[in-house]
**Q** 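Can you keep this structure in mind? I'll have questions shortly.
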Amino acid sequence: MLQRILENRDVSLPLSYTSMTMGGGVQAAAARDPGKVAIRHGARTRTYADLARRIDLIADAVIADLGLARGEHAAICAKNCIEYIEIALGVPEAGVALATIDSRFTPAEIAAICDDAEARVLFVDRHTAPLVRDAKPASVRRIIEIGPEFEDWIAAERKPVTRPPVDEWDTWTIPYTSGTTGKPKGVLIPHRSRGLVNLCASAEFGCFTPDDCFLAMTPMHHGGGISFPIASITFGGTLDILEKFDAVTVLDKLKFGGVTGIFMVPTHFHSIFDLAPDVLEKYRSPQIRTIIANAAPLPQAMKEKIVPYFGTTVLHEIYSSTESGLVCSLRPPDQLRKIRCVGVPMAHVRVKIVDDDGRECAPNQVGELLSRAPYVFSGYWRRPDETAAAFRDGWVTVGDMAKRDDEGFIYIVDRKKDMVISGGVNIYPREVEEVLFAHPAVADVAVVGVPDEKWGERLKAFVVVRAGHTLSAADLVEFCRDRLASYKIPKDVAQIAELPRNTNGKVLKRTLRTM
């Protein structure tokens with residue numbers, strides 16, 4: 001968009017201008033200490049020099065071998081690994097944005113996102129390769145599996161290529177989230193957005209210096225799951241990757257593995273504090289500098305376990321969204337002082353809370369939260385109406401209801417939309433409802449989130465059964481198994497005579513939640 005403005009107004013960029021790209025930031029760090037280990041994953045390591053070289057090889061292969069042009073899209077569906085980071089840094093250096101897909105998705109879900117994103121190439125690993133080959137996305141011309149095939153692909157001799165200019169406002173990644181229609185929508189994240197977020201995070205959290213080691217174990221298709229790990233190597237630190245979360249392994253890394261920073265969601269803390277007392281005692285008070293908590297609100301009772309166990313200067317809880325980036329942060333001194341609070345705005349972020357008429361709310365008055373910052377998203381991929389709804393005169397909203405206290409601290413009190421956050425993962429009930437509606441015994445259905453001590457929330461389906469049919473929870477789970485990722489399948493099912501609705505026919509989900 002900025003490029004079009006400059007072209008239309010005949011305004012040139014200053015001679016000092018250098019585009020901020022995610023890959024460029026890491027390659028600059030590599031020049032400082034090329035022999036240092038940048039990433040480790042189990043016994044495997046990658047030095048900064050190797051990482052910088054492979055970013056270049058991937059970018060060149062995207063152009064020379066795949067024939068992709070600036071503005072086209074690729075996708076990745078894989079578990080956490082070194083190559084995931086390399087692909088996320090290398091592919092966009094060719095001007096090709098990367099759609100990031102949950103590796104737990106079904107073949108149908110994977111194909112739908114690839115086709116929506118118009119991804120021309122799809123990177124997979126040994127876990128997701130069978131799913132992807134069954135999916136057969138129509139848009140994908142080439143599937144490349146991480147391992148020998150991937151290594152042969154980047155190592156092949158090719159003629160030199162000329163890379164297109166990549167501007168910092170060009171799209172870096174396209175994570176997918178569900179919209180109000182229940183259909184996934186791509187969030188266009190420019191290089192500039194996450195580059196500035198990482199600079200902000202470095203100042204705020206204090207765990208992204210060259211002396212730090214960051215542990216990455218949340219799935220990398222997740223916003224924080226990819227952004228924070230890349231921040232650690234942008235600033236010259238070391239990144240330690242786990243393919244998946246395991247409570248004891250994580251505690252051992254924090255206590256004895258030299259890890260100084262980690263990003264966690266509430267479900268991780270529940271699993272840790274479910275461990276046996278002797279195991280918890282063994283790993284008490286690790287030498288960790290920062291825990292960044294996000295994706296779902298931390299219950300205050302959980303914070304009262306975290307703070308004495310990990311330390312009083314460690315926990316940072318942030319409020320963010322894929323669209324807005326980092327918005328607010330509750331810093332360690334306020335964790336037990338401000339109850340159910342998300343803190344104050346981050347650097348370069350302005351927040352306002354407005355009523356239904358757009359007027360700013362008084363202190364402690366609930367309204368819709370809007371934020372404005374230089375690192376918000378560029379819009380939804382081919383969703384002009386939803387993009388327009390998300391922006392209000394440059395301010396971004398994701399529909400969260402909030403209030404601000406007399407000290408300026410922000411509290412999220414409800415979600416305007418019906419999104420459910422379970423285990424740190426966003427789930428949109430409409431998508432689930434559409435699948436359940438397809439069951440021949442279902443006459444009507446609504447899905448809501450209900451409180452869950454471990455997961456934060458879990459899905460509960462309220463079902464009206466067709467006359468003459470019978471239906472059990474097990475029947476619905478089995479019906480959904482090949483249609484939805486496992487975490488989207490409601491395990492709680494209640495049969496009711498009819499759904500509560502208002503005079504306009506809209507289901508009253510607030511009433512269902514209280515039942």
Side-chain angles (χ1 to χ4, degrees), residues 19-31 34 38-39 41 44-101 117 119-125 140-168 170-175 189-195 198 216 220-221 225-227 229-234 239 241:
S19 186
M20 175 187 293
T21 68
M22 297 298 283
V26 172
Q27 288 182 313
I39 311 176
H41 181 192
R44 302 172 62 222
T45 61
R46 196 80 80 225
T47 67
Y48 270 98
D50 288 338
L51 180 58
R53 178 180 61 86
R54 288 168 68 88
I55 290 171
D56 281 333
L57 288 173
I58 292 168
D60 290 345
V62 166
I63 298 169
D65 183 61
L66 300 179
L68 298 187
R70 179 184 179 185
E72 292 193 285
H73 297 163
I76 184 169
C77 183
K79 294 182 180 292
N80 292 359
C81 60
I82 295 174
E83 291 80 5
Y84 201 118
I85 297 290
E86 294 173 336
I87 291 165
L89 294 171
V91 170
E93 286 299 295
V96 175
L98 186 70
T100 56
I101 304 174
R120 302 308 181 199
V121 61
L122 175 59
F123 296 92
V124 298
D125 62 12
V140 173
R141 300 195 294 249
R142 177 96 175 261
I143 296 172
I144 300 175
E145 183 174 341
I146 293 169
E149 182 184 2
F150 177 74
E151 295 303 319
D152 290 344
W153 176 68
I154 66 171
E157 290 191 17
R158 300 183 177 93
K159 293 181 180 180
V161 300
T162 300
R163 292 190 206 163
V166 179
D167 296 319
E168 60 187 47
D170 287 345
T171 302
W172 170 51
T173 55
I174 312 175
I189 304 296
H191 291 264
R192 171 183 171 85
S193 167
R194 291 308 182 253
N198 287 349
M220 288 181 177
H221 73 271
I226 188 69
S227 182
I230 289 179
S232 71
I233 52 176
T234 297
L239 177 62
I241 295 175

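Because only heavy atoms are used, hydrogens play no part in the values below, and waters and symmetry mates are left out as well, while side chains stay in.
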**Q** For Arg192, is there an ion pair with Asp167 - N to carboxylate O distance below 4.0 angstrom?
**A** no

**Q** As a quick check of understanding, evaluate side-chain hydrogen bond (donor to acceptor under 3.5 Å, both in side chains) for Thr21 and Glu168, giving each step before the final call.
**A** CA-CA 6 Å; Thr21 68; Glu168 60 187 47; over 6 Å; no

**Q** Among residues at least two apart in sequence or on other chains, which ones pass salt bridge (Lys or Arg N to Asp or Glu O under 4.0 Å) with Arg44?
**A**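 Partners of Arg44 by the salt bridge (Lys or Arg N to Asp or Glu O under 4.0 Å) criterion, ordered by chain and then number, come out as Glu83.
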
**Q** One thing to verify: whether Arg53 and Glu86 come together as a salt bridge, which I'm taking to mean a side-chain N less than 4.0 angstrom from a carboxylate O.
**A**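 Looking at Glu86 and Arg53, the cut-off is not met.
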
**Q** Kindly compute the distance separating CD1 (Ile154) from CD1 (Ile87), expressed to the nearest 0.5 Å.
**A**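 Going from the CD1 atom of Ile154 to the CD1 atom of Ile87 covers 9.0 Å.
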
**Q** Between CD1 of Ile233 and CG of Leu89, what distance do you get to the nearest 0.5 Å?
**A** 5.5 Å

**Q** Looking at Ile146, is its backbone amide N or carbonyl O close enough to the side chain of Asp125 to form a donor-acceptor pair, meaning the two atoms are under 3.5 Å apart?
**A** no

**Q** To the nearest 0.5 Å, what is the distance between CD1 (Ile82) and OG1 (Thr45)?
**A**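 One finds 7.0 Å between CD1 of Ile82 and OG1 of Thr45.
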
**Q** For the CH2 atom of Trp153 and the CZ atom of Arg142, what is their distance to the nearest 0.5 Å?
**A** 7.5 Å

**Q** Do Asp60 and Lys159 sit within salt-bridge range, that is, some charged N less than 4.0 Å from a carboxylate O?
**A**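 Between Lys159 and Asp60 there is no salt bridge, as every charged N stays at least 4.0 Å from the carboxylate O atoms.
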
**Q** Roughly how far, to the nearest 0.5 Å, is the NE2 atom of His221 from the CD1 atom of Ile226?
**A**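 Those atoms lie 11.0 Å apart.
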
**Q** Side chain of Arg120, backbone of Glu72: donor and acceptor closer than 3.5 Å?
**A** no

**Q** Where the side chain of Ser19 meets the backbone of Val166, is there a donor-acceptor pair that is under 3.5 Å apart?
**A**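 Flag set: sc Ser19 to bb Val166 pair under 3.5 Å.
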
